[in-house]
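What follows is one structure encoded as structure tokens, with my remarks underneath.
So that the names make sense, note that chain A is the first sequence line, chain B the second, and so on, each numbered from 1. Nothing here was measured: the structure is a model prediction, and the numbers come from that model.
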Amino acid sequence: MNKWSRRAFIGAGTVAGGGFLLGVAGFTFAPSRHSLVSADAAAKGQLTTWITITPDNVVNILIPHCEMGQGTPTALAMMAAEELEADWSLVRAQEAPAQDEYANGYIIRAMGGGYVPAMLGRGVDYGAYKAMAWFGLMVTGGSTAVRGTGEWGMRVAGAAAKEMLVAAAAKQWNVPASECVAKGSRVAHAASGKSASYGELARAAATQSVPTSPTLKNPDSFTIRRTSTKRLDIPSKVDGSAMYAIDFTTPGMLYAALAIAPVQGGKLVSVDTTPADAMPGVKKVVKLDEAVAVVADSFWRARRALAALKPEFSDAGHGAVSTASIFAAFDQALGPAPALPKAAAKTLTADYRAPFLAHATMEPMVCTAKVDGDQADVWAGVQDPLNARSVAAKALDLNVDNVRLTNFMLGGGFGRRLPFTFDYVDLGVRVAQAMSPTPVKTIWTRENDIQHDYYRGAAMSRHAGALDANGTPLAAHSNYTGGGNSEAVFMPYQIAEMAAEEKKAAHPIREGQWRSVLNSQHGFFKESFIDEMAHAAGKDPFEFRRSLLGEQPRFKAALEKAAAMSGWGTPLPPGEGRGIAVCDSFGTICAEVVHVAVSPEGQLKVVHVYAAIDCGDVVHLDGATAQAEGGIIFALSAALLSEITIDQGRVVQTNFRDYPMIHIADAPKITTAFIRSEAPLGGMGEPPVPPLAPALCNAIFAATGVRVRELPIKKTPLKRA
Amino acid sequence: MPITLTVNGKAHMLDVEPEMPLLWALRETIGLTGTKFGCGVAACGACTVHLDGRPVRSCVLPLSAAGGKSVTTIEGLAQEGGLSTVQQAWIAHQVPQCGYCQSGMIMAVAALLAETPKPTDADIDAGLTNICRCGTFARVRAAIHEIANSTAEESAS
């Protein structure tokens, strides 16, 4: 088993010669990838790779993750500040630069390296597993930031910095370090009455040796964690000053609008550039392998000129692909329903379908680049600056060290801006290359974004279940297409026979990671089917699940909590119903109850969603609550309305008009509760998503008797006979 | 012929095509990037600004329609001495997540409250059609009600 030392994450506080001090012995994963302490560390009060304290007593914490609305930088800063015993009002956070030394892949990798085996107690956690595969990256995704970087990086860095400050004070006052107390960004020695701020001590502290195994606080004494501090990024988001990639400008910059081959894999065959060439502001029509770009002195002019062109693209041989052909292939691949035990008194089968989905981040894809000789600068919003930088370098055939990438706040991520999905960086730098050395900002229209996403995969699942004469389940089997893994298909229930088998049915539609990844489809499949089994058994869906969770106390507790919050079992008026579902993903168990009202005409109103969440322990209470609220709304929009369809190999939908989102009028009340358990920290960005769709469809069944087996729900008429 | 308009109290003379949407004139010509591009078809509301005090979706509003008029953007919402009540409530309720839609959301809410100082839930549902992919709706609603209630208290006292 790999084992890493805490020191590895801390970095040295002292300086060895000029330049940067890189590398600390004892780290087995990537000995040159962690500590980055500048040559003038002591002068700047830089205590560790992550923490600098300036003379004005301000603590600056570098965060190797991006801010895409999930509040991770705040939560991570809280984790470091807690151990540091910092005064929260004096803490600042900023995103670490896109340099190899800040790669967080090693932290995620360490999570899977045996040091935290409990996290991987049931096989390989999917998020961590995927992230591990991206070793060497600087990923924000897979709900890994708090439980990886925070738990194994920020806490240790904060604790080490505190011990260094205490040691510096003790030395200065010539008293034992054990008699000094650090609190509120000050070190004090009661007996002598001496006291100094961290800012006053930082310079001396930075020359202290780094403790290899600093003592971490007992959670009972947390004063910053578990609270709801104000998020650090929010003030800039209410006055228009927050900088997103689309807001970046640099002198002389031009703008580009793109037309990309409508069938993925298609190539630009021909384009007559004449109509655009003469239009106002147009600088150049750039032909790329798979796209054509108009570069102009304003984006609107670029877009207008692009609209005058009629580029022809090839279809890569996929011109006959459609949603119907893909699902027909799924249906065929699934084959007959899985076999069931012969002793069964009652059996049931059901097929479920989930569509392709786009991420539709509010900020479209944007990349600004300046290519000059063998150097390039890139400005983009990405969930992984290091991988994005390497994509840019590869596209330009430049040494990666000659490419600088500046990241911004992200106008939504949800998985769209992850490694291996940086087509917008790839295209953006190639457009800029054609205009070298003039910088060019390439802005995707919403149409580009909807039609050229890396989609949440469509999937289909065929289930078969068996019950005995008492309604006790004997078997729950499924075949599925569209991908899966042990976490996504896992059912916590005590059922004698359970199996889920993947069937392959390839198609050319490109796919990526969408908030909660494969759990978004499988949560719907498995928690819908267990509900159908409950009804087939003539039992209450909550009680049925609970009776099967004897060996899963965390699942059971979350389920019971959600049920209790919702008033499960209390009578509702006709046309109203409650549905329940419980899923685990990314180390967190989330149970949700959805309360719906359906009018006789079939008009659906989602009244209230209750979520009970066990993510081990909550770091930032209000931030975690916001993630639950946001995940539920994100999942609700998808469940109710969202569907990407394919016709002649192309995505049919174009914009929010035909790929609609819910509005505030459709948003239910949301009540969340957190259950503290002994489990390791789980993720919060994604786990609230998977239970929503099944709980909602289960509620619709309770209200109407209509079983929705295909998403989005709008495809199924809910009008009662 | 140049188009003149007032943006956040300052006069501007813009020599661009009259059919250019106000959004791009604000962002690229004037350099006020707080107003966001989300869809280009007036479907999401990220580009909402006030035109003579009324909310408009600037991504489809030709610049010519703003000629001679007064535009307020998110950058101009803060009054002398600090943030507007809506902005303050947005911080108090920790509304934004990614924040990209929030300039437009805040401008839409400010306009809603100017028209209907004490909106009911139905007023909010009817008056606010901005898209937020992060799902901040519950906090948006709570913040609006808090503003409405505190305004009511002030006028009652």
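At a 4.5 Å heavy-atom cutoff, the contact between A/Ile443 and chain B is made by side-chain atoms alone. Residue A/Thr654: no heavy atom, backbone or side chain, is found under 4.5 Å from chain B. Only the side chain of A/Asp233 comes within contact range of chain B, with heavy atoms under 4.5 Å apart. For B/Leu83, the part lying near chain A is the side chain, with the backbone staying farther off; criterion is any non-hydrogen pair under 4.5 Å. Within the 4.5 angstrom heavy-atom criterion, only backbone atoms of A/Ala242 (N, CA, C, O) approach chain B. With a threshold of 4.5 angstrom between heavy atoms, B/Ile131 approaches chain A through its backbone and through its side chain. Of the atoms belonging to A/Ser637, it is side-chain heavy atoms, and not backbone ones, that fall under 4.5 Å from chain B. For A/Asn655, the part lying near chain B is the side chain, with the backbone staying farther off; criterion is any non-hydrogen pair under 4.5 Å. Interface residue B/Arg133: backbone and side-chain heavy atoms are both found under 4.5 Å from chain A. For B/Thr129, the parts sitting under 4.5 Å from any heavy atom of chain A are the backbone and the side chain alike.
Here the shortest heavy-atom pairing between B/Arg141 and A/Ile664 reads NH2-O, 3.1 Å. Taking each heavy atom of A/Pro364 and A/Arg417 in turn, the nearest pair found is O-NH1, 4.0 Å. Looking at every heavy atom in both residues, A/Pro668 comes nearest to A/Ile633 through CD-CD1, 3.9 Å. Smallest separation of non-hydrogen atoms from A/Thr74 and A/Lys230: CG2-O, 4.2 Å. Between A/Val618 and A/Ala624 the shortest heavy-atom distance is CG1-CB, 3.8 Å. The minimum heavy-atom distance linking A/Ile644 with A/Ala358 is given by the pair CG1-N, 3.7 Å.
Judged by distance alone, with hydrogens and angles left aside, the side-chain atoms of A/Asp239 form no donor-acceptor pair with the main-chain N or O of B/Glu75 at under 3.5 Å. Put simply, the side chain of B/Thr6 never gets that close to the backbone of B/Gly9: no donor and acceptor are under 3.5 Å apart. A donor-acceptor pair is defined here as one N or O able to donate and one able to accept, closer than 3.5 Å; no such pair exists between the side chain of A/Arg416 and the backbone of A/Val382.
By number of non-hydrogen pairs under 4.5 angstrom with chain A, the leading residue of B/Pro21, B/Gly31, B/Cys98, B/Gly135 is B/Cys98. Interface summary for chain B: among A/Phe656, A/Phe634, A/Trp300, the most heavy-atom pairs under 4.5 angstrom belong to A/Trp300. The residue among B/Gln87, B/Arg139, B/Met105, B/Gln102 with the most heavy atom pairs within less than 4.5 Å of chain A is B/Arg139. For the set A/Gly240, A/Ala665, A/Pro235, the entry with the most heavy-atom pairs within less than 4.5 Å of chain B is A/Ala665. Note: B/Ile91 leads B/Ile91, B/Val16, B/Leu23, B/Val95 in heavy-atom pairs under 4.5 Å with chain A. Among A/Met409, A/Lys669, A/Arg304, A/Gln627, the residue making the largest number of heavy-atom pairs under 4.5 Å with chain B is A/Arg304.
For A/Trp514 and A/Phe414, the distance between ring centers is not under 6.0 angstrom.
Using a 4.5 Å cut-off between non-hydrogen atoms, the part of residues 246-258 of chain A that approaches chain B consists of A/Ile246, A/Asp247, A/Tyr255. Residues of residues 33-53 of chain B lying within less than 4.5 angstrom of chain A, judged on heavy atoms, are B/Thr33, B/Gly34, B/Lys36, B/Phe37, B/Gly38, B/Cys39, B/Val41, B/Ala42, B/Ala43, B/Cys44, B/Ala46 in numerical order.
Aromatic ring pairs are classed by plane angle as parallel below 30°, tilted from 30° to 60° and perpendicular above 60°; the pair B/Trp24 and A/Phe299 is tilted.
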- What do the steps show when you test A/Val440 against A/Thr442 for side chain to side chain contact (heavy atoms under 4.5 Å, CB included), and what is the final call? CA-CA 6 Å; A/Val440 182; A/Thr442 302; 4.2 Å; yes
- Query: Passes side chain to side chain contact (heavy atoms under 4.5 Å, CB included), B/His12 versus B/Thr4? Steps please.
  - Reply: CA-CA 6 Å; B/His12 290 268; B/Thr4 57; over 6 Å; no
- Message: Using side chain to side chain contact (heavy atoms under 4.5 Å, CB included), reason through A/Leu636 and A/Val606 one step at a time and then give a plain yes or no.
- Response: CA-CA 9 Å; A/Leu636 182 60; A/Val606 182; 4.0 Å; yes
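Crowding of A/Gln603 atom CD: a count of heavy atoms from other residues, nucleotides or ligands under 6.0 Å not exceeding 12.
Between A/Arg657 and A/Glu447 there is no salt bridge, since no side-chain N of the basic residue sits under 4.0 Å from a carboxylate O of the acidic one.
Rounding to the nearest 0.5 Å gives a distance of 9.0 Å between CG of A/Leu621 and CE of A/Met78.
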